[in-house]
Amino acid sequence: QGQVVESGGGLVQSGGSLRLSCVVSGNFFDRFNIAWFRQAPGQEREFVAASAWTTKIYFGDSVKGRCAISRDNAKNTVYLQMNSLKPEDTAIYYCACAFSDDPFRPNDYYSDYRNYGNWGQGTQVTVSS
């Protein structure tokens, strides 16, 4: 229950696009908050985007306007579409999830990595200049 598996990373040229997928095993996927974080070598973990079970979505400042997040509850999958990629987007991208039944979380709740209990192994995204 709640095993997370990411896919879709790879090498892309600056300006290109990638779609990452995150599959979460188990039941009640529609009650999970799902988020993407990334971490580049020597840098702190950074929030990228989140899809709350309430259907609200959130984005980190560094990717706003360049990313879209969507979920398919029938497939237990969340997608992160990244466009206009830059070399500074190079990082390992991690998907994380947490079951929730509280619809009144503050917005910054979803960007805090401490609120997610299950994490995937990560998928490497490399953007060449």
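In what follows, residues are counted from 1 in the order of the sequence shown. The structure displayed is predicted, hence computed values, not measured ones.
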Checklist outcome for this item: In terms of heavy-atom contacts, Ala91 and Ala40 come closest through CB-N, 3.8 Å
Item to check | Check: Asn118 side chain, Gln3 main-chain N or O, donor-acceptor pair, under 3.5 Å | outcome: no
Item to check | OG-NZ distance between Ser62 and Lys86, expressed to the nearest 0.5 angstrom | outcome: 8.5 Å
Next on the checklist: Once rounded to the nearest 0.5 Å, what's the spacing between atom CZ of Arg31 and atom CG of Asp101?
Outcome noted: 5.5 Å
Checklist entry - Would Tyr109 and Asn33 count as a side chain to side chain contact (heavy atoms under 4.5 Å, CB included) if you check the C-alpha gap in whole Å, the side-chain angles of each, and the deciding distance to 0.1 Å? => result CA-CA 10 Å; Tyr109 173 89; Asn33 298 324; 4.0 Å; yes
Item to check | Distance-only polar pair, side chains of Arg19 and Tyr79, donor-acceptor under 3.5 Å | outcome: no
Checklist entry - Taking the side chain from Thr54 and the backbone from Pro103, do they hold a donor-acceptor pair closer than 3.5 Å? => result no
Next on the checklist: Quick check on the hydrophobic clustering: are Tyr110 and Leu20 connected, directly or via other members, by side-chain heavy-atom contacts under 4.5 Å?
Outcome noted: no
Item to check | Step-by-step side chain to side chain contact (heavy atoms under 4.5 Å, CB included) determination, Met82 to Val125 | outcome: CA-CA 10 Å; Met82 301 189 296; Val125 171; 4.1 Å; yes
Checklist entry - In terms of the angle between their ring planes, are Phe29 and Phe32 parallel, tilted or perpendicular, with boundaries placed at 30° and 60°? => result parallel
Checklist entry - Do the cysteine sulfurs of Cys22 and Cys95 sit under 2.5 angstrom from one another? => result yes
Checklist entry - Less than 4.5 Å apart, any side-chain heavy atom of Tyr93 and any of Glu6? => result no
Checklist entry - If two hydrophobic side chains count as joined below 4.5 Å and joins carry through other members, does Ile69 share a cluster with Tyr94? => result no
Item to check | Heavy-atom donor-acceptor pair, Thr90 side chain to Glu88 backbone, under 3.5 Å | outcome: no
Checklist entry - Can Asp89 and Arg66 be counted as an ion pair, charged N to O under 4.0 angstrom? => result yes
Next on the checklist: Is there a path of hydrophobic side-chain contacts, each under 4.5 Å between heavy atoms, that joins Leu80 and Val127?
Outcome noted: yes
Next on the checklist: Please say yes or no: joined through hydrophobic side-chain contacts below 4.5 Å, possibly via intermediate residues, are Val48 and Tyr113 part of one cluster?
Outcome noted: no
Item to check | Single-linkage hydrophobic cluster Phe59~Trp36, side-chain heavy atoms < 4.5 angstrom | outcome: yes
Next on the checklist: Applying side chain to side chain contact (heavy atoms under 4.5 Å, CB included) to Val12 and Thr126, what does each step give before you reach the verdict?
Outcome noted: CA-CA 6 Å; Val12 63; Thr126 302; over 6 Å; no
Item to check | Heavy-atom pair with the smallest gap, counting every atom of Ile92 and Gly122 | outcome: CG2-CA, 3.8 Å
Next on the checklist: Keeping Thr123 on the side-chain end and Gly9 on the backbone end, is there a donor-acceptor pair under 3.5 Å?
Outcome noted: yes
Checklist entry - Hey, would you say the Phe37 and Trp119 ring centroids sit under 6.0 Å apart? => result yes
Checklist entry - Does any donor atom in the side chain of Asn83 or Ser17 lie under 3.5 Å from an acceptor atom in the other side chain? => result yes
